[in-house]
Structure formats: structure tokens, C-alpha cells
Amino acid sequence: HTAPQRFQAMLVGAFALTALLLVAAGLYGVTAYGVSQRRKEIGIRLALGAVRGRVVRMVAGEAAFPLAIGTLTGLIASGWVTSLAGRLLPAAPGSSLGLIVGVTAFLALVGAAATLIPAVGASRIDPAKTLKDELA
């Protein structure tokens, strides 16, 4: 009797992992695209003496706002769905605050990693090449 339940759990887990990878790829792609659009600006900032760490904070900080909004929205939706499921399914297990906080922290870390990779790449832009390309 547990084989169908185990299969369903594995299927839900596979979909969850796929969704996580899609979100991470989307965050990475949007941040990398933003960096590519601002390549000249970042290169000029670096040429004028901007500290690389400040460039990383600038790029990551701009990506942090949508990440925070998404995390907050997810927490609110999680509370609402948990409450609704508790009313519709009296035998449903109660929500575990620790589990919700753990999953939220994990998703926030994945989001932060997906935005930090392009941010660190932005700090490695060669200012000389950027200025040469700007003059050409």
C-alpha cells in the first residue's frame, strides 16, 4: 500500500527540485542580463576607482529587493495554504514552523547564490577593455 504513496512523494519531490532549478536559473539569468546591460557603467566605475566589493554589493543589492519580495510573498502564501488545508482536511498534519522557516532559508540561500555569481562576475570586468571598447 505504500508504493503508490512513495511514488507520489518522489514525483512531488522531482517537481519541487525542477521548480527550484528553474527559479535559480531565472534569477541568475535576470541578474546576468542586468550586468551585461550595465557592463560599460560598471567598467567605468571600476576605472574611476570603485572598490570591487562595492560593485558586488551594488549588483547583489539590486537583486535583493525582488528576492525579498518573493520570499515574503511565499511565506504569506504558505501560511494561507496551510490554514486552508487545515480547514478542508481535518486529518491533515499541522504546519511545522521549523520546516517552513528551514525551507524559506534554503530558498533564500539559493536565490542569494544565484544573484551573487553574476555580481562577482561584474566586479571582475576589465576597466581598460571597457574604456577601450567605449572609445572605439
Side-chain angles (χ1 to χ4, degrees):
H1 292 281
T2 62
Q5 292 173 340
R6 186 173 294 161
F7 175 74
Q8 288 174 351
M10 288 175 54
L11 193 61
V12 168
F15 282 130
L17 182 61
T18 302
L20 178 67
L21 292 174
L22 286 172
V23 166
L27 282 170
Y28 173 83
V30 167
T31 306
Y33 178 74
V35 166
S36 72
Q37 293 295 307
R38 297 177 62 189
R39 190 171 188 80
K40 290 179 186 175
E41 172 202 340
I42 293 168
I44 291 170
R45 284 178 187 262
L46 289 169
L48 293 175
V51 180
R52 294 190 188 277
R54 176 106 169 116
V55 171
V56 170
R57 282 192 302 275
M58 177 185 72
V59 172
E62 291 169 358
F65 180 73
L67 183 61
I69 294 297
T71 301
L72 183 61
T73 304
L75 279 172
I76 292 169
S78 171
W80 181 72
V81 167
T82 301
S83 171
L84 182 65
R87 279 189 242 133
L88 294 176
L89 305 168
S95 70
S96 170
L97 183 61
L99 179 64
I100 292 173
V101 169
V103 169
T104 302
F106 177 71
L107 292 174
L109 284 174
V110 168
T115 57
L116 276 177
I117 294 169
V120 170
S123 72
R124 294 186 177 145
I125 292 174
D126 183 16
K129 184 177 182 315
T130 302
L131 289 175
K132 186 175 117 181
D133 292 343
E134 182 70 22
L135 296 174

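Position 1 is the first residue of the sequence; numbering continues from there. Here the structure is a predicted model, which means the values were calculated and not measured.
The minimum heavy-atom distance between Ala60 and Ala119, with the atom names listed, is N-CB, 4.0 Å. Closest approach of Ala114 and Ala24 over heavy atoms only: CB-O, 3.5 Å. Residues Gly43 and Pro127 approach most closely at O-CB, 3.6 Å, considering heavy atoms. Of all the heavy atoms in Ala63 and Pro66, the pair that sits closest is O-CD, 3.3 Å.
To the nearest 0.5 Å, atoms CG (Leu27) and CG (Leu116) are separated by 11.5 Å. Here the CD-CD distance, from Gln8 to Gln5, works out to 7.0 Å after rounding to the nearest 0.5 Å.
Connectivity analysis of hydrophobic side chains (ILVMFWY, heavy atoms under 4.5 Å, direct or indirect) links Leu72 to Ile76. In this structure, Met58 shares a hydrophobic cluster with Val35, Ile42, Leu46, Val55, Val59, Ile125, the cluster being traced through Ile, Leu, Val, Met, Phe, Trp and Tyr side chains under 4.5 angstrom apart. Other residues sharing the hydrophobic cluster of Leu109, ordered by chain and number and joined by side-chain separations under 4.5 Å: none, the residue standing alone.
Distance alone, capped at 3.5 Å, is enough to place a donor-acceptor pair between the Thr130 side chain and the Asp126 backbone.
Using a 4.5 Å heavy-atom cutoff, the side chains of Thr115 and Tyr28 are not in contact.
Remark: of the listed residues Leu67, Val23, Leu20, Leu20 is the sole one forming a side-chain contact (heavy atoms from CB on, under 4.5 Å) with Leu107.
Atom CZ of Arg52 has more than 12 heavy atoms from other residues, nucleotides or ligands within 6.0 Å.
Using a 4.0 Å cut-off between a side-chain N of Lys or Arg and a carboxylate O of Asp or Glu, Arg57 and Glu62 do not qualify as a salt bridge.
In the hydrophobic clustering of this structure, Val30 does not group with Tyr33; members are Ile, Leu, Val, Met, Phe, Trp, Tyr whose side-chain heavy atoms approach within less than 4.5 Å, directly or through other members.
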